[in-house]
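Comments concern the structure below.
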Amino acid sequence: MAAPKLRPSDYAKLYQVGADEKNLHEKKIVESLQKRLNDMIQRDPKLAKKAALVIEQWLKKTRP
């Protein structure tokens with residue numbers, strides 16, 4: 001099963017009050033993917049180090 005591709009700017013729409021069924025479904029998908037990734041990163045030290053490096057590079061690119 002593939003997850004729908006969402007832009008970070010669209011994440012806020014998932015948590016709006018009175019969201020319709022589609023948004024609720026997408027919210028559940030995003031949360032389940034987040035949980036799976038967190039579990040994978042916590043179990044594997046190599047993967048945790050790679051994730052930290054990716055986040056570090058991403059932060060360097062986004063800072064002015």
Side-chain angles (χ1 to χ4, degrees):
M1 178 174 114
K5 295 187 181 190
L6 297 173
R7 292 187 174 99
S9 59
D10 295 337
Y11 293 156
K13 294 177 187 174
L14 298 177
Y15 296 94
Q16 291 177 348
V17 176
D20 61 350
E21 291 295 320
K22 182 179 178 194
N23 282 348
L24 184 59
H25 179 69
E26 290 175 355
K27 177 183 171 185
K28 288 181 182 181
I29 290 172
V30 169
E31 288 174 347
S32 69
L33 288 172
Q34 182 182 18
K35 184 180 183 306
R36 286 174 47 201
L37 284 172
N38 284 334
D39 291 343
M40 287 172 53
I41 289 171
Q42 289 176 354
R43 279 190 247 131
D44 187 5
K46 275 188 173 180
L47 189 59
K49 186 174 181 178
K50 287 180 184 179
L53 291 173
V54 168
I55 292 170
E56 181 183 1
Q57 291 298 319
W58 176 72
L59 288 174
K60 287 181 182 178
K61 286 182 182 179
T62 58
R63 288 187 182 164

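Below, all heavy atoms of this structure are taken into account, side chains as well, without hydrogens, waters or symmetry copies.
- Note that NZ of K28 is 14.5 Å distant from CG of L33, once rounded to the nearest 0.5 Å.
- Interatomic distance, I29 CD1 to E26 CD, rounded to the nearest 0.5 Å: 6.5 Å.
- Here I41 contributes atom CD1 and R43 contributes atom CZ; the two are 11.0 Å apart, rounded to the nearest 0.5 Å.
- Atom CD1 of I55 and atom NZ of K50 lie 14.5 Å apart (nearest 0.5 Å).
- Rounded to the nearest 0.5 angstrom, E31 CD and Q34 CD are separated by 7.0 Å.
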